[in-house]
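Down below is the structure, laid out as structure tokens.
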Amino acid sequence: MYQIQSQELRTLTTAHLAQTMSLLALNIEELGEKIHSLLAKNPALELEESRRCPQCLRPLRGNGPCPVCSHPTGSNDEPVVFISHRWDIPERAFTGGSISPDEAPGLDEYVSEERSLALYILQQIAPALAPAERPLAAHILTSLDEDGLLSIPPLEVARYHHVLPSRVESVLHRIQRCDPPGVGASTPREALLIQLEILGESREVPPLARRAIEEHLEHLGRYQVHELSLALGISEAEGAALVRFIRENLNPYPARAHWGDWHHGAPAAAPVYRRPDALIRLASPNNPDSPLVVEILSPLRGQLRLNPLFRRALAEMEDARRPAWQKDLERARLLIKSLGQRNQALAQLLRYLARKQRRFILQGDLYLTPLTRAQVAAFLGVHESTVSRAVAGKTVQLPNRRIIPLERFFDRSLPVRAALRSIVAQEEKPLSDSQLANRLKTLGYPIARRTVAKYRQMEGILPARLRHGIASHI
DNA sequence: CTATGGCACGGATT
DNA sequence: AATCCGTGCCATAG
């Protein structure tokens, strides 16, 4: 099967191949933009809005039954692959515009790890929001970074929606009091202060905590008890107690389960949420032994085809414009064919990944088998750069509804980090990095002590001496 | 002396 | 050719 497809690839003309490759490099959103601009430019192209499957709302081709709904056949080894469109999700839900649960009933299915924070908070404050405040809240929530901090100035929100800054502040204030306390703060410092304030309403807090955060945040971050005590004019014991209180009760990055390494290395740039390029799900959701179904999503609401009117007109045409029209027609043909090839190539890749990484897909990070793009390329009989293009910038939604970048399938350290997390989560006493390294070695992950430190940091796990039986999850 | 982070090198990967 | 990643060495903090 693969052989046939790759042979097809080889027989393509160079123009065709070039276009296929450039389309392959695009993710679903970029592809959508590209196609729409071509649709506007080229009259030979047409978007046909076909009828929908009454059950799953996908458009149907021809007169046959819906290929997605009618029970797909496949085995554990041979996942089923579809190239399909989805019409049931409002485009706007993905573009960071206003989202509200009742507006997009299926949205929760499409929420990425990061964006689920937004919905979680929205659910808490939705009842308290005036209708006019909803867009403000949506704007703020969709601008949170992965740490739960607000990545844009509140003033910008006010300007955008033409409302008074105080209106935005009022919404923001309510958001900051939602569950991960302090979300929506602009800086770690502000987040800490908000948490302190909230905490102060229900229990006693050290009187100097506020000043310590406001004026000596660096010392807190570096755990410099000595310097802090000196600066505040208190004893080292008092200083240590203060630091412990703050570190145990407050969190500069509200959405992180643990204090990461917050004195150096700014948190990574906020991930941009997109609808996934593909879905991987179980043929029967409740049966983990059923075959996997891979669905390549198309950005189009309908079926791209040659404009029949255009073809008829061209056939009857005699004047000087004919060559130009002919050219348009050729271009349109080429695009449609290339688009098909692009989707085929993606499907091929995903089918392979689904088969090879079935355990990872169903059972999580720990079971990712090491894989390089080069290996995949060799197996599929395509060039390495083809695989690179296909993987770059794309995302897939797994059966657990998480949307992950395709690159993650090639992350060699992922299972090790998962193992590390689970060791730390279960440890009785904090283990040092070298102890962790030994543990990992016995589990079949021979990595250097130095590397443990790196992974720890990536996972946001504190060094041993700062961990005190704080249960780790996530 | 032990634990951990910074820097930089070299090999693999893209 | 450029980039990423694991690792070794060294400095520093405790």
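Keep in mind the model is a prediction, meaning the values are calculated, not measured. We name chains A, B, ... by the order of the sequence lines, and we start the count at 1 in each one.
- Spacing between atom NE2 of A/His383 and atom P of B/dT14 amounts to 13 Å, rounded to whole angstrom units.
- The pair A/Asp328-A/Arg331 counts as a salt bridge, with a side-chain nitrogen and a carboxylate oxygen less than 4.0 angstrom apart.
- Heavy atoms of A/Arg389 sit nowhere under 4.0 angstrom from any nucleic acid atom.
- A/Ser413 comes within 4.0 angstrom of sugar-phosphate atoms only, judged by non-hydrogen atoms across all strands, and of no base.
- When each of C/dT7, B/dG5, B/dT14 is scored by its nearest atom to the side-chain atoms of A/Arg456, the top-ranked nucleotide is B/dG5.
- Considering all non-hydrogen atoms of both residues, A/Leu306 and A/Ile336 come closest at N-CD1, 3.8 Å.
- For the pair A/Arg412 CZ and B/dG11 C1', the interatomic distance rounds to 11 Å; values are reported in whole Å.
- The existence of a salt bridge linking A/Asp411 and A/Arg417 is confirmed by a sub-4.0 Å separation between a basic side-chain nitrogen and an acidic carboxylate oxygen.
- Residue A/Arg373 is classed as a sugar-phosphate contact, given heavy-atom separations below 4.0 Å to backbone atoms only.
- Following rounding to the nearest Å, A/Glu384 (CD) and C/dT3 (P) show an atom-to-atom distance of 18 Å.
- Mapping A/Arg449 and A/Tyr455 onto DNA chain C by nearest heavy atom places A/Tyr455 closer to the 5' end of the strand.
- If you take CD of A/Gln435 and P of B/dA3, they are 7 Å apart, rounded to a whole angstrom.
- C/dT12 atom P lies 20 Å from atom CG of A/Asp433, rounded to whole Å.
- A salt bridge links A/Arg177 and A/Glu197; the closest N-O separation between the charged side-chain nitrogens and carboxylate oxygens is under 4.0 Å.
- Rounded to an integer number of Å, the gap from CZ of A/Arg450 to P of B/dT4 is 11 Å.
- Heavy atoms of A/Thr451 sit under 4.0 angstrom from at least one base atom.
- The separation between A/Tyr445 atom OH and C/dG6 atom C1' is 17 Å, rounded to whole Å.
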Under 3.5 Å, sequence neighbours excluded: what are the donor-acceptor pairs made by side chains of residues 435-443 of chain A?
unit_1, atom_1, unit_2, atom_2, d
A/Gln435, OE1, A/Ser432, N, 2.7
A/Gln435, OE1, A/Ser432, OG, 3.2
A/Thr442, OG1, A/Arg439, O, 2.6

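- Separating the CZ atom of A/Phe409 from the P atom of B/dT14 is a distance of 15 Å, rounded to the nearest angstrom.
- Distances from the side chain of A/Ala374 to the nucleotides B/dT14, C/dG8, B/dA3 place B/dT14 closest.
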